[in-house]
Amino acid sequence: MNIPFLSFEFHDAIRAELQEASTRVIESGWFINGNEVTAFENEWSKFLGCKHSVGVSNGLDALILSLKTLGIGPGDEVIVPSNTYVATALAVTHVGAKPIFVEPNIETYNIDPERIEAAISNKTKAIMPVHLYGQAAEMTAIMQIAERNGLFVVEDNAQAQGAEHKGQKTGTFGHCNGTSFYPGKNLGALGDAGAVTTNDEDLANKVRVLGNYGSQKKYYNEVIGHNNRLDEMQAAFLRVKLKHLSDWTEQRRDIAAAYLRGLQGVGDLVLPITHPDSTHVFHLFVIRTKRRDELAAYLKERGIGTLIHYPVPPHLQECYKDLGYERGDFPIAEEIADTALSLPIWPGMTHSEVKKVVNQVRFF
């Protein structure tokens, strides 16, 4: 039994729905800024419980548009987690601002609110929390810090679609928030796609204009814009998959619970911990061990796929060498990068597959 890190076999159950959606778009003859995008935006807003969603081309563009819409640019600083995928920091750099890294809580892996205020300067304009691996960050505390200091909040919700903090879904706290619908996400398109969410109508309109060549009316351009639109085909696919997201989330949680039961107290493993005020949708099931590389190689030899999220933290990436950081500057993020291993998890993963992974980790 070979077990990949991620399987898209769960698409088989909705193949007819996806094909119908594809046919509907083709027969409509309308492929950009049409009814499918509008319908998905409304359905996504309803699912999250926010007022406005704007479909865009991908998750990175969603974050860039959010920052630009809030007027963040050259000379500004944005606080981001030191433990995250590099796209979070890239968005800040792309608008001309400087990413300021803040360490995570070692138990939840999300940015530690208690460390944020020490990083705030007179150049700070925003905080960009990431709901990493699928767990909601401590948004109540983060929003309070932002309010005290007059800062914007931009949530990176790419990994936690449907997660909640104190009963409120991620992607609805911040002033302007981005998510990715990359195929591997909990809600994934069949290509690149993303969205910006906000409760502010004016901000939503600005995002829409900025991502459509700076135009509300064709050939009349108000601002220097971009082409960051969500296409009709991906919106149609997302509409189909959104109807199944809650069920798929429960399957992920069941798999995670089986991992937690089977791996409790095994070796030096550090298992995921969920903050009492948050929920986890287990985009990833991340364990930590000092023997990470050995374990990954052992599992690979036995047909079990794993991934490392993420082997190099942003401050040590080659693209950020000009910031002057060195190894040791963010030891918590570095420890996570050196010890984290993501085990297989996807909707439809069978009990026997989970059992094999558990058994092989225990044998190791």
Side-chain angles (χ1 to χ4, degrees), residues 59-60 63-64 66-67 72 76-95 97-121 123-139 141-143 145-146 149 151-160 165 170 174 177-178 180 270 272-273 275 278 280 283-284 286-288 290 292 307-342:
L60 177 56
L63 296 176
I64 293 171
S66 295
L67 292 168
I72 296 168
D76 296 335
E77 295 179 350
V78 178
I79 291 173
V80 300
S82 59
N83 177 47
T84 184
Y85 182 55
V86 72
T88 313
L90 290 178
V92 176
T93 305
H94 276 302
V95 302
K98 180 180 179 180
I100 301 297
F101 298 108
V102 169
E103 290 274 64
N105 178 320
I106 191 62
E107 292 188 343
T108 66
Y109 307 125
N110 282 326
I111 192 169
D112 188 345
E114 295 184 4
R115 299 173 183 266
I116 290 175
E117 283 193 281
I120 294 174
S121 75
K123 295 181 180 180
T124 307
K125 292 296 187 294
I127 305 169
M128 187 181 285
V130 180
H131 309 292
L132 201 67
Y133 308 151
Q135 178 172 187
E138 296 173 58
M139 290 308 302
I142 292 169
M143 296 304 296
I145 293 168
N149 293 276
L151 304 177
F152 291 116
V153 172
V154 177
E155 294 172 73
D156 182 339
N157 195 33
Q159 297 188 10
H165 179 72
T170 56
N177 315 294
S180 166
V270 178
I273 294 174
H275 189 279
S278 296
H280 205 314
H283 171 59
L284 300 171
V286 179
I287 61 174
R288 289 195 296 117
K290 292 179 180 178
R292 187 266 309 281
L307 281 180
I308 297 171
H309 296 85
Y310 301 96
V312 181
H315 69 281
L316 296 179
Q317 292 287 354
E318 181 72 13
C319 63
Y320 282 121
K321 65 181 180 181
D322 291 346
L323 293 180
Y325 292 116
E326 298 178 353
R327 187 164 185 86
D329 287 342
F330 296 95
I332 299 177
E334 292 165 19
E335 179 183 343
I336 294 169
D338 291 343
T339 59
L341 185 67
S342 299

| Ala91: side-chain contact (heavy atoms from CB on, under 4.5 Å) partners, not counting sequence neighbours | Leu60, Leu63, Ile64, Leu67
| field | Any residue meeting side-chain contact (heavy atoms from CB on, under 4.5 Å) with Ala119, in chain and number order, not counting sequence neighbours | value | Ile79, Ile100, Val102
| query | Pairs in or reaching into residues 102-112: which pass salt bridge (charged side-chain N to carboxylate O under 4.0 Å, His left out), with residues at least two apart or in two chains? | reply | Asp112-Arg115
| field | Contacts of type ring-ring contact (aromatic ring centres under 6.0 Å, His included), residue His280, not counting sequence neighbours | value | Phe282
| remark: The ring-ring contact (aromatic ring centres under 6.0 Å, His included) partners of Tyr320 (sequence neighbours excluded) come to none
Kindly write out the residues that satisfy side-chain hydrogen bond (donor to acceptor under 3.5 Å, both in side chains) with [X], not counting sequence neighbours, or none if the list is empty.
| X | value |
| --- | --- |
| Thr84 | Thr88 |
| Asp76 | Lys125 |
| Gln135 | none |
| Glu318 | Lys321 |

| request: For the pair Tyr85 and Tyr310, name the ring-plane relationship: parallel under 30°, tilted 30 to 60°, perpendicular over 60°. | output: tilted
| Between Glu138 and Asn110: side-chain donor-acceptor atoms closer than 3.5 Å | no
| message | Checking side-chain polar atoms at under 3.5 Å, does Ser342 have a donor or acceptor matched by the opposite partner on His309? | response | yes
Non-neighbouring partners of [X] that pass salt bridge (charged side-chain N to carboxylate O under 4.0 Å, His left out), sequence neighbours left out:
| X | value |
| --- | --- |
| Glu114 | none |
| Glu335 | Arg288 |
| Asp338 | Arg327 |

| request: Measure the spacing between CD1 of Ile273 and CG of Asn105 and express it to the nearest 0.5 Å. | output: 8.5 Å
| field | Smallest separation among heavy atoms of Tyr109 and Tyr133, with atom names | value | CD1-CE1, 3.3 Å
